[in-house]
Amino acid sequence: IPRPSNSFILYRSHQHSAIASLYGHLPAMSNSAISKIASMMWQAEDPRVKARFAAKAEQTKLEHLMRHPDYKFKPK
DNA sequence: ATGAATGAAAA
DNA sequence: TTTTCATTCAT
């Protein structure tokens, strides 16, 4: 049972397709490069959009709690 | 398994 | 305060 995604991870997933289709044919455009781009977009992003993803992260978090009431994050 | 990033949660 | 692990998928 996986952890709930945070706001940035949600944002990255959301933008992944778009970024991949823009740069996808370039061999240097790996997922790590996409992460860098997503990061810049994230920093530059409209605060309202950030807020929307923050809200989505909360939603996801609560959803996770509902579905998996006894889940505990246990780093090694 | 690694790389890349941000952030929540645990240690 | 530092570490882990969530997402993604070609190497």
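Below, chains carry the letters A, B, ... as their sequence lines are ordered, and counting in each starts from 1.
For A:H68 (side chain) and A:P2 (main-chain N/O), no donor-acceptor pair under 3.5 Å exists by modelled atom type. Side chain of A:T60 to backbone of A:K56: a donor-acceptor contact under 3.5 angstrom is found.
What separates CZ of A:F73 from P of C:dT2 is a distance of 17 Å, to the nearest Å. At whole-Å resolution of the value, CD in A:E58 and C1' in B:dA8 are 10 Å apart. Look at CE on A:M40: it is 11 Å from P on B:dT6, rounded to the nearest Å. Atom pair A:I9:CD1 and B:dG7:P shows a separation of 10 Å (rounding to whole Å applied). Here B:dG7 presents its C1' atom at 12 Å from NZ of A:K50, a figure rounded to the nearest Å. The separation between A:I19 atom CD1 and B:dA4 atom C1' is 12 Å, rounded to whole Å. For the pair A:K74 NZ and C:dA6 P, the interatomic distance rounds to 10 Å; values are reported in whole Å. In this structure, A:L65 places its CG atom 14 Å from C1' of B:dA9, rounding to the nearest Å.
Using a 4.0 Å heavy-atom criterion, one finds that A:K72 contacts the sugar-phosphate atoms exclusively. As judged by a 4.0 angstrom heavy-atom cut-off over every strand, A:S32 is placed among the base-contacting residues.
Of the candidate nucleotides C:dT7, B:dA9, C:dC9, C:dT7 has the atom nearest to the side chain of A:S13. The listed nucleotides are C:dC9, B:dA10, C:dA6; the one nearest the side chain of A:Y71 is C:dA6. Closest to the A:R12 side chain, of the nucleotides B:dA9, B:dG3, C:dT7, is C:dT7. Distances from the side chain of A:W42 to the nucleotides B:dA4, B:dG7, B:dA10 place B:dG7 closest.
Considering CG of A:N31 and CZ of A:R12, their distance stands at 5.5 Å, rounded to 0.5 Å. Here the OG atom belonging to A:S35 is positioned 12.5 Å from the CD atom belonging to A:Q15, to the nearest 0.5 angstrom.
Counting distance only, with no hydrogens placed and no angle test, the side-chain atoms of A:R3 and the base atoms of B:dA8 include a donor-acceptor pair under 3.5 Å. Judged by distance alone with a 3.5 Å cut-off, no donor-acceptor contact links the side chain of A:S5 to the base of C:dA6.
A close approach under 4.0 Å does occur between a side-chain nitrogen or oxygen of A:S39 and OP1 or OP2 of B:dT6.
A:F53 is not listed as a side-chain neighbour of A:E45, based on a closest heavy-atom distance of 4.5 Å or more.
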